[in-house]
Amino acid sequence: MTQPPPLPVTPTTPATPATPVAPVVPAVPVATGTGLVTGTGPAIATGTGTALSVAHGPAAEPTRVVARFEDHVRRDPQAPAVIDGTRIWTYQDLDAAAVRVAAALGDRVRPGDLVGVCLDRSTALVVTAVALARIGAVYLPLGPRPGERRTRAVTEDLDVACLIGDLGVLPEEHRAGEHVPLPLPTGGVNAPAAAVAAFTGSGSGSGTRRAPEGALYAVLTSGSTGRPKAVAVAEASLSVALDWYRAATGLAPGDRQSLLIGVAFDPHLLELWAGLTSGAALVPAPDDTRWDSHVLTDWWRDTALTHVVAATPTVEPLLDRPWPQDLKLRHLVVGGDRMRRRPGTDVTATVHNAYGPAEATVVTTTHTMRATDPGAGDPAPPPIGTALPGVTLVVTDGDGTPVARGQDGELRVGGHCLALGYLDPELTARRFTPPPRELLAPALDRLYRTGDRVRMNSDGSLDFLGRLDDQVKISGVRIEPAEVEAAFEQDPRVRSAVVTVLRDSSGPGRLVAHVRPAEGAEPAAGDLLDAVRAWLPEQAVPTAVRIVDGFPLDANGKVDRAALAAQAQAAAQATAPVSEDPRTGAADDLTGATATERLVLTTVRDLIGRPGTGLGDRFTDIGGTSLVAARLLATVEHETGVRLRAPELLRSTDLRAFAALLDQRRTPRPEGA
């Protein structure tokens, strides 16, 4: 039953600000030895008959995003737009709430202004996104707890008009500035207790970089300078991705779309606007769904979700156990990291393995898998798929020349999917380059260099082979080690830092920081980790810190990262810790430990790669993340048959208390007790 909104409904729908629509990219002519060949797929070849690694998706015509939402407001105003806990917001409710927020912002926020949004997955977030789009402002999602120093770095670089969120998560200059209360929903999942638009004394950010004209949103990506870089995307580019999503998944009125992805992660724009432009209902996810795969599937079942977008590391643990057979889930889109196996024959949903950098508007290729496929359950990684509509894929050598199909090279992407660029023009010029001379296409004026190493197959599909540079993926989030290093080097106790990746046999990576202290300083590893958490997103905080006297050098005089990584690997495999967090004591707590304590401690040590972890350590203090928690709980259930929930792990004072809780659950009560 629909409950009325807290304020009177005034379904006024102002005109949508005009947004430039990008030109249609036609089939691209390709220069060959015998003339020009046009078309899509594998037909492109040189005069010698060798097919080039160039492929085009089907033709696409950019549409509108906000206007599609408004169509559903007019067409079926009483249809559910957001199902938030026990509260249902109709399209009319949502529209009216967005109008009120836009009115509260008044002329303080103008078209083209960047607005940092510090909210979690909630109705409040959805209302804010719609309100800013109505105004024509540029939505910059920072997440509910972005870190004060990180947020300050963003506002120092970018001309951010204001920040929206709870005052407690905002930088000091915004807490001390002018506040405009916003009539955002304060009930439901992850809702803020109160939200304001916070302006600095000057009424705008101290940075000078503004979003380019026509931007709908901007997102932060990892930056090698140690400061995050922002990339801006136009409404037309997002519209093409949304059109694909609706066509591929059949999302329509009556369906329920997850709002699950972390807000600072750009795929959340896809799920949010896919629901609103389809007439479907968005369902915000409670926070504990990201910590426990059982909680996640229970949430899917309890909310009758039909469509879900999720990070690959969140979904892969589900493929290692029998698939729940009582779900209404029809389509599951996964991405953000390499998928290491195909879904089995028992998976009732169609699974789309998606790939795409933020600079190419969330998703550029997909590979669709069904339970009836001949390869279902194959342990080999699936391809990242073929080009979406309006997308051109080119695999090149180091000089930018297309290679033959079957050869490795760097993926470059062009077409409607491309972002407008970074808010740094010089960086835009370096990464968004003219197409190679082999592509004679006036409409294809630029390609984005992804830095990803791929191979194009004969059918135009791509296999992902890794990164060409130092970037890594941790829990589905792209991370630049240099950014993590710079965060450590902000600390006066640190002279220099180098970050490497420690990988185990299952494939996921963990960051290890190798820190050389400043003269006379003796920092504790745990204290250094506490300091960098204010600068970095959760996935970028290393799981371990090694205090070192110096760094090994290679023949060119550069830091030998491979040697450092080998040292970290050896330390992780050793029975005694090597300069791991001194606060934990690092003693071997296995002596005299109970069987359950041994199980918990050895599992945690293996998962986070810190052999010095003790039973007196708290899970989150030693680098425990949502992915590690899910694996720990799965191992515990497999070994003991006891199913514990993530909140029980997080509430435990230390690992010994968690083991005691496990013993309590597995010990039957005496008769009559």
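No hydrogens, no waters, no symmetry mates; every other heavy atom, side chains included, goes into these values.
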Please answer whether the main-chain N or O of M369 pairs with a side-chain N or O of R342 as donor and acceptor at a distance below 3.5 Å.
-> no

N-O pairing of R341 and D378 below 4.0 Å | no

With a cut-off of 6.0 Å (strictly less than), are more than 12 heavy atoms of other residues, nucleotides or ligands near CD of Q325?
-> yes

Correct closest heavy-atom pair for S652 and R618 would be O-NH1, 3.2 Å

Audit row: I384, D463, side chain to side chain contact (heavy atoms under 4.5 Å, CB included) steps and yes/no | CA-CA 6 Å; I384 57 175; D463 292 327; over 6 Å; no

Looking only at heavy atoms, what is the nearest atom pair of D491 and A531, with distance?
-> OD2-CB, 3.8 Å

Does the pair L142 and V117 meet the rule for a side chain to side chain contact (heavy atoms under 4.5 Å, CB included), with working shown?
-> CA-CA 6 Å; L142 300 176; V117 179; over 6 Å; no

Is it the case that Q567 and H514 place a side-chain donor and acceptor less than 3.5 Å from each other?
-> no

Test item: N353 side-chain N/O and P383 main-chain N/O as donor-acceptor pair under 3.5 Å | yes

Note, F619 side chain near L632 side chain (heavy atom, < 4.5 Å) | yes

Would you say E637's side chain and V642's backbone share a donor-acceptor pair under 3.5 angstrom?
-> no

With rounding to the nearest 0.5 Å, note down the distance linking CZ in R150 to OG1 in T155.
-> 12.0 Å

How long is the span from the CZ atom in R121 to the CG atom in L260, to the nearest 0.5 Å?
-> 6.0 Å

Side chains of D617 and D654 in contact at under 4.5 Å (non-hydrogen atoms) = no

Pairwise distance OG1(T123) to CG(N190) - rounded to 0.5 angstrom | 10.0 Å

Got a sec, which residues hit side-chain hydrogen bond (donor to acceptor under 3.5 Å, both in side chains) with D302, two or more places apart in sequence or on another chain?
-> none

Exercise: identify the closest heavy-atom pair between A230 and L220 | CB-CD2, 3.8 Å

R665 bridged to E648 by N-O distance under 4.0 Å | yes

Below 4.5 Å, heavy atoms only, C-beta onward: do H352 and L332 meet side chain to side chain?
-> no

Look at the side chain of E271 and the backbone N and O of Q257, then say whether any donor-acceptor pair between them is shorter than 3.5 Å.
-> no

In this structure, are over 12 heavy atoms from other groups packed under 6.0 Å from R645 atom CZ?
-> yes

Would you indicate whether the side-chain heavy atoms of L125 and H268 approach each other to under 4.5 Å?
-> yes

Check: V600 main-chain N/O paired with R605 side-chain donor or acceptor under 3.5 Å | no

Closest approach of A629 and L649, non-hydrogen atoms and distance?
-> CB-CD2, 3.9 Å

Ignoring hydrogens and angles, state whether a donor on the side chain of S293 or R321 is under 3.5 Å from an acceptor on the partner side chain.
-> yes

Do the side chain of R301 and the main chain of L327 share a donor and acceptor less than 3.5 angstrom apart?
-> no

Any chance the side chains of T596 and R666 put a donor and an acceptor closer than 3.5 Å?
-> yes

Going by heavy atoms in the side chains, are P141 and D266 under 4.5 Å from each other?
-> no

Close side-chain approach of I261 to L269, heavy-atom, < 4.5 Å = no

Got a second to check how far D288's CG is from D292's CG, nearest 0.5 Å?
-> 7.5 Å

OG1 (T640) and CG (L662) are apart, to the nearest 0.5 Å, by 4.5 Å

May I ask you to test the V484-L511 pair for a side-chain heavy-atom distance under 4.5 Å?
-> yes

Report yes or no: does E410 contribute a side-chain atom to a donor-acceptor pair with the main-chain N or O of G451 at less than 3.5 Å?
-> yes

Is any NZ, NE, NH1 or NH2 atom of the basic residue among R643 and D298 found under 4.0 Å from an Asp or Glu carboxylate oxygen of the other?
-> yes

For T594, does its backbone N or O pair with a side-chain atom of E597 as donor and acceptor, under 3.5 Å?
-> yes

Is there a side-chain contact between S258 and W299 (heavy atoms, below 4.5 Å)?
-> yes

Is the shortest distance from a Lys or Arg side-chain nitrogen in D408 or R455 to a carboxylate oxygen in the other one below 4.0 Å?
-> yes

Residue list, ring pair (Phe, Tyr, Trp, His ring centres under 6.0 Å) with H307, at least two apart or on another chain = H331

Side-chain donor/acceptor of R546 to backbone N/O of V512, under 3.5 Å = no

Counterpart residues, side-chain hydrogen bond (donor to acceptor under 3.5 Å, both in side chains), relative to T289 (two or more places apart) | none

Kindly determine whether T221 and E359 satisfy side chain to side chain contact (heavy atoms under 4.5 Å, CB included), including the steps that lead there.
-> CA-CA 9 Å; T221 64; E359 293 85 348; 4.0 Å; yes

Single hit among T345, T348, D346 for side chain to side chain donor-acceptor pair (under 3.5 Å) with W323 = T348

Straight-line distance of L528 CG to F488 CZ, nearest 0.5 Å = 6.5 Å

Determine, stepwise, if the pair L167 / L170 fulfils side chain to side chain contact (heavy atoms under 4.5 Å, CB included).
-> CA-CA 5 Å; L167 274 180; L170 304 183; 4.0 Å; yes

Hey, does the side chain of S122 reach the backbone of D120 with a donor-acceptor pair shorter than 3.5 angstrom?
-> yes

Residues R152 and E173 bridged, charged N to O under 4.0 Å = yes

What pair of heavy atoms forms the shortest contact from T450 to P357, and how long is it?
-> CG2-CG, 4.2 Å

Exercise: identify the closest heavy-atom pair between V160 and G116 = CG1-N, 3.8 Å

